Structure formats: structure tokens, C-alpha cells
Visitor: 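Submitted below is the structure of interest, expressed as C-alpha cells.
Source: prediction; values computed, not measured. Residue numbers begin at 1 in each chain, while the letters A, B, ... track the order of the sequences. Values below: every heavy atom of this structure, side chains too, minus hydrogens, waters and symmetry copies.
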Number of protein chains: 2
Amino acid sequence: MATINDVATMAGVSTATVSRALNGVASVDPELCARVVSAAKELGYQPNGPARNLRRQETAVLGLIISDVANPFFTAIARGVEDVAQAVGYSVVLCNTDEDAAKERRYLDVAIQERVAGVIMSPTDSASNADVLREHGIPVVAVDRPLAGSDRVLVDTRMAAEQATKHLLDQGYRRIGCVAGPSGVQTADDRLAGYADALVAAGVEHEPRLVRHAEYRGAGAHGATLALRQQPDPPDALLIANSSLAIGALEACHELGLRPGKDIGLVAFDDVPWAKLLDPPLTVVAQPAYDIGAVATQLLLARIGDNSKPPSTTTLNATLIERASSRRG
Amino acid sequence: MATINDVATMAGVSTATVSRALNGVASVDPELCARVVSAAKELGYQPNGPARNLRRQETAVLGLIISDVANPFFTAIARGVEDVAQAVGYSVVLCNTDEDAAKERRYLDVAIQERVAGVIMSPTDSASNADVLREHGIPVVAVDRPLAGSDRVLVDTRMAAEQATKHLLDQGYRRIGCVAGPSGVQTADDRLAGYADALVAAGVEHEPRLVRHAEYRGAGAHGATLALRQQPDPPDALLIANSSLAIGALEACHELGLRPGKDIGLVAFDDVPWAKLLDPPLTVVAQPAYDIGAVATQLLLARIGDNSKPPSTTTLNATLIERASSRRG
DNA sequence: AGAACTCGAGTAATCGTTTACCTGGACGCT
DNA sequence: AGCGTCCAGGTAAACGATTACTCGAGTTCT
């Protein structure tokens, strides 16, 4: 593979001049510059990234660590991150933790070893794992879930859950249940809290037995929904904490012969492209995922420039998209 | 940030010994080794990746370049890639080209500069872009779409399309249309060819006006479906070339008041988790996406070890999952 | 006992860049 | 003319690991 030396020899200049010419230092003679460029082209020269990064003591790479690549919410974040990063010449390395703290830890180590310029992550659990980044001076921005001591870009998910629950109450549903995410995950807890807020505000009793937890990924929601309905006085409506859970819940409703909007009111988090294809179409809480990624990246880039400011919190709003699954009738 | 020198000083040994101890060279005195390990831990030492890669002239990173992160087919491939890579200590860098050859080109340059050990990609168009990798001696495996001169892991998509079309014919549909991907994309052309094969085999006339092309991503399928149905003698069934197209097509059918399985037979490529939630559930061609990723990674790893063998082609089979959207009733 | 050998651990070269520093020629000023 | 300034471009020192080579001590064999 051609090195800067080969280019220098071919162009008849020193390696310093090659480096300067290719990096656009103004003071190089245009004629030399042209010779360098043509030599580089002829040799198919591509600078050695590791060598450059070693010398510069910095990289133009951002780490993006998310908990589930199969979840459209996170891939939408990824596009937001990528578009903003790309525009200023940064590359993005996407890592998938599967909600597994050990995997997350491994990727954080990789991020440190590769000396990425910064990390955007949706932390799986506590803050502990991410501390290691700060110890090494790598800026972090948390998305979707808060992380102590770093910038965060969040959605006012508690408020959104409250609105969604209120919407169900307004539609005349009375025994509202919740298919919640795993307790301990901040977004899951917040959504549950918002759900409870709405019940309290409406003077409706909050019965714990109308709530079931399930893993965000996987098939737990199916069983949770069956269990909710198989008790006496079952819920007549459900708030479902994300789109994976919605799949399981909808399957269960179908098996039980429950028609959404008629026999049971449904609202789920995350506006997925197929929500409106269902019969009836699914009412959802649309989170601004792309914007979360874009804003987080802007914050991260700012912090890469200057890491002295205190951590900030940006909260974006979710919007309820009413469709027929929550309309009584 | 702590360097190997700091660790050496603290442990009272040379950097060579630190390197050997941390990399598990057998001949280091266990006691020294322990001192090194504890010093490294105390300092929070993480080896400098760029420096290591520079010296070793190799990296443990694979590039995965796909054309659409929002497409579950590709994210499933990504998981297959990651699981296999992870198991042997490689990291995976995921890049998203949005079917944009320029973006693809940029990422290939990044891959070369970072000296990744190998690349797995779904090429956007011609082979031209990927040649640059081979010029630099970087092994490539193509997935989903063929690439001249490199290993490929493909699906027998033509055969699958033929089976799907035959299935529609068997169900009694006669005027079968196709919502195809962009012509020029190999999978799109193959699926169209398979569709034609089935028609020929059944002695049904193949009418070009029953075929419309649309971009794989985006809303083109909606218009294509409307156009197909707004002609005299419209198709009574549709073969749809991927899940994004299916969304547009289903919307159009809904607007036209066409009931899948009743007024119009539908089969779409890619088994998405929501296919069975539709009413009626959607008949799909399930592609073994995870396996594609896993197999491709094994091939790539083998080639990183020995790049002398001639390119191989692995073809996996897709399976038709019959649901109600294609059952005449 | 002395030579040959083994082996663990240190010394220093090396990977390919970038860049601080140096050099020498051109130019301007007195 | 002589001196100072400026600046393009070359020389060489980093960056932080790995590893070929070297060295010295300990072991074995004659």
C-alpha cells in the first residue's frame, strides 16, 4: 500500500510538503501542490488512518452505542446522528448492545482504545459503565435515557404517557392497564409514572395488578397482555411502552378476539411505518427520534470543542397521533 | 491518558514486558505479570488503538456497509455479522449508504484509511466502487447483491419470486402484477425475472404494463400501486419486492378499498414482525437475513486469513410463508 | 571448572503520519 | 551594499505501541 513517502518520491518533494499539500495548507506552491495531488492519485494513495490518528492524538470518529438496532426508534436516532456528523466530516461507528451491560462495557472499552472523539449512547442501566469514558476525557451525550454528569437529550416521556392515558380516559375507557418496559430502565419507569399521573388526576384508582412489565425486546408482551386480560375485571384499554411490546400485545389481542378501539383501547409508544396499516390503525406516541440524534450530535460536537460547560438537558416533546385503536366505538 | 510507559514505570519493568504481559505472552514471570496487571488496572490503562494498529499493520475491525439501516432485512444481517465477529474478537463498524453511490464511495475510503481488516457490503450499483478495496488488498464479501470478483452470499431470490408468483397463480389469481424495485438493482431485476418465469411456465401472458418500478426506500410504491390499479383490466394480485414497498402498496390498497386476499392477492418480500398483525396477515417471502450476515462474516474471516482462493458464491434459500393476504376467499 | 545453551527481560528500531524547527534565498529598507 | 524579515519547503522528532535483537544470568553437559 502506497505511503506518503512514495508520493513524496514520485512528486520529487519531501513528505512534509506532501502532507501540507494534501491537508490544504495555504502556503504550498500551487505547482508543487498539483504535482503532489497527481502523484497521490496515480499511486492510489490513501493516508494511513492509524498513523494520522496516533500523531494527531485525535480521531474524527464518533461512537454511537444503542441498545437495539432492530428498533426503528434507535435506527431513526442513528440517521439523525449520521447526517449531522457526516456534514462536518465525522464518521459514525454504530454499536449494538442488545440491552446487555457487559456488551456495552466491551464497546466502551473499544471506544476508548480507538480514541473516538466522543460517544452518544442510550445507557442500558446505571451510570457506572459510562464513568470510564469521562475518566479518559471522552465527551458523552446520553440519548433517550439520562446519564449522570453528561449532556442528555430526552423526550418528555412521562408527560407523553400521561397525555396518552388521559386520551384513553377521555375516550371513555375506565380500567386502563399498562404493558410497561423493564423496571429499572428510566424510560419504562417514566412512562409508568406518567400513566399513574393521569389516573390520579382523573381520580381513578391506580391498581398495580393492571400493570405488567416485559423486556423491551422480545416476546414478553404477549404473555403480559394475556395475563392482564385473564384476571377478573380485566383492563379495557392498554398503554404499551414501545413498538416491540406492541407487536406482542397486538398478537395477544388478536388471539383473544379483542378488537382494538372496540373491545379494547390501545395506545403504543413509537410511530412505526406500519401503525397506520393495521386494522384499525394504531394510535401512537410519536417520538422525535431523528431530532434526538441530530441534537445529541450537535451537543457532542460542541463538547468536543469545549468540554468545560456544565452538563445540559434537552427535552423534546412527543406527540400523540390519534388513530382508531383508541377511539371508542 | 495513561500510556504503556506509565504502566512500565509504575510496575518497575520495561515497556516490552508490559506489552508481553498484557498480550499474554507465556514466557513472562507470573510475579512480574501480576505487577503489570495491577499497575495497568490502577492507572486505568487502555492501550492506544491507533498506535497498536500502526505498529501491527492490521486492525480487528470489520466494515459493514449496507444500503438502508431502516430496513429490517439489513439490520438482521447486521446482527448476524456482529455475533460472528464479536465471538472472535472483531469489532464491526456499521455504515449506511442510503442507496447513494457517493456516500458508499466515501465510506469505502474511510474503510481503507482506517485499514479495516475486511468489508461486508451490499453494493449499491456496479462493481466499480468496490474495486478500490481490492486495489488496496482489503478482502470484501458482498451480501444480497453480487459483486464481480468477490465472495458473495446471496438468496435465490429469482426462484423465490417464481414460487411466490406460482403460489398466486395456484390460488386462482390470473392478472398478476408486480411492484418491483428500481431496475438496475440486481435483486429487483432478479425478482422481476422470477415473476416472469412463473408466468411463462403457467402459459400466462406477461404484460409489461402490470409492472411498476419504485425506489426500495420511500413512498414510490404507493403511487405505483395506484397507477397499476387505475388502468383497464387492472391486476388482481401483486408481488411486492420488499417490505418498504409493501407499506406503500398496502396503503394504496386500503385507500382503494381493496381487501387483500379477497379483492387482491398480495405477497411481499421480507418477513417483518408486523406482517402477521395485518388483517388479513400478509403472505411473505422470508429471507434468511441473519444467516446471510453470519455466513458472510465467516467467509470474510476466512479470507482475511488467506485471500488466495477464487471467489465463492453461497446461495441461501428463501421460504414462502403463506398467510391470508394471498388466499383467495 | 569451563563451554555451550537456554531463557527471561531490557534496548531500541519500527510503523506512517504531522508538525516544530531550521535553512537558505528573495526582498525591502536604510 | 549590508542587514533584517519573511516565508516556502526540508529535516527530523514526536505519537505509543510491538517486537527483533541483545545481553546477562542460570543451567547443563563434558
Visitor: What is the separation between atom CZ on B:Arg35 and atom P on C:dG8, rounded to the nearest whole Å?
Guide: 16 Å
Visitor: Detail all sub-3.5 Å separations between protein N/O atoms and N/O atoms belonging to nucleotides 21-28 of chain C.
Guide:
none

Visitor: Taking CZ from B:Arg52 and P from D:dT18, how many angstroms apart are they, rounded to a whole number?
Guide: 5 Å
Visitor: Report yes if some heavy atom in the side chain of B:Ile66 is under 4.5 Å from a heavy atom in the side chain of B:Cys95; otherwise report no.
Guide: no
Visitor: Within less than 4.0 Å of OP1 or OP2 of D:dG16, is there a side-chain N or O belonging to A:Gln57?
Guide: yes
Visitor: Specify the residue among B:Pro50 and B:Thr17 whose closest nucleotide of DNA chain D lies further upstream toward the 5′ end.
Guide: B:Pro50
Visitor: Here's a test of your reading of the structure: between B:Leu32 and B:Arg55, which maps to the more 5' nucleotide of DNA chain C?
Guide: B:Leu32
Visitor: Measuring from the side chain of B:Ser27 (C-beta onward, heavy atoms only), which nucleotide among C:dG8, C:dT18, D:dG16 has the closest atom?
Guide: C:dG8
Visitor: Under a 3.5 Å threshold, yes or no: a donor from one side chain and an acceptor from the other, between B:Ser308 and B:Asp306?
Guide: yes
Visitor: Starting at atom CD of A:Gln113, determine the distance to atom P of D:dT18, rounded to an integer number of angstrom.
Guide: 10 Å
Visitor: Consider the side chain of B:Ala16, meaning its heavy atoms from C-beta on, and name the nucleotide among C:dG16, C:dG8, C:dT11 that approaches it most closely.
Guide: C:dT11
Visitor: Using a 4.0 Å heavy-atom cut-off, does A:Ser19 contact any base of the nucleic acid, only the sugar-phosphate backbone, or nothing at all?
Guide: base
Visitor: Hey, what bend do you get for the helix from C:dA1-D:dT30 to C:dT30-D:dA1 if you fit axes on five pairs at each end, rounded to 10°?
Guide: 50°
Visitor: Answer yes or no: is there a side-chain heavy-atom contact under 4.5 Å between B:Phe74 and B:Asp144?
Guide: yes
Visitor: Nearest whole angstrom, please: distance from the P of C:dG16 to the CG of A:Leu43.
Guide: 14 Å
Visitor: In sequence, state the C-alpha distance, the side-chain angles, and the governing distance for A:Tyr216 and A:Asn71, and then conclude on side-chain hydrogen bond (donor to acceptor under 3.5 Å, both in side chains).
Guide: CA-CA 10 Å; A:Tyr216 265 152; A:Asn71 185 332; over 6 Å; no
Visitor: What is the separation between atom CG on B:Asp6 and atom C1' on D:dA17, rounded to the nearest whole Å?
Guide: 13 Å
Visitor: Rounded to the nearest 0.5 Å, how far apart are CG of A:Asp109 and CD of A:Glu104?
Guide: 11.0 Å
Visitor: Is the shortest heavy-atom distance from the side chain of B:Arg115 to the side chain of B:Glu58 under 4.5 Å?
Guide: no
Visitor: Would you mind classifying the nucleic acid contact of A:Asn23 as base, sugar-phosphate or nothing, using non-hydrogen atoms under 4.0 angstrom?
Guide: sugar-phosphate
Visitor: Could you check how far CD1 of B:Ile4 sits from P of D:dA17, rounded to whole Å?
Guide: 5 Å
Visitor: Can you confirm whether B:Asn129 sits close enough to B:Pro123 that some side-chain heavy atom of one is under 4.5 Å from a side-chain heavy atom of the other?
Guide: no
Visitor: Taking the minimum atom-to-atom distance to the side chain of B:Asn48, which one of D:dA17, D:dA8, C:dG16 wins?
Guide: D:dA17
Visitor: Closest to the B:Ser14 side chain: C:dT17, C:dT11, D:dT18?
Guide: C:dT11
Visitor: So if I take every side-chain heavy atom of B:Val13 and compare against D:dT18, C:dA9, C:dG10, which nucleotide ends up nearest?
Guide: C:dG10
Visitor: Measure the shortest side-chain to side-chain distance between B:Thr297 and B:Leu62 over non-hydrogen atoms and say whether it is less than 4.5 angstrom.
Guide: yes
Visitor: Flag the pair B:Ser150 / B:Arg134 as yes when at least one side-chain heavy-atom distance between them is below 4.5 Å, and no otherwise.
Guide: yes
Visitor: Tell me: CD of A:Glu114 to P of D:dC15, nearest whole Å?
Guide: 20 Å
Visitor: Grab the CG-C1' distance between A:Asn5 and C:dT17 for me, whole Å please.
Guide: 10 Å
Visitor: Between A:Met121 and A:Leu108, is any pair of side-chain heavy atoms under 4.5 Å apart?
Guide: yes
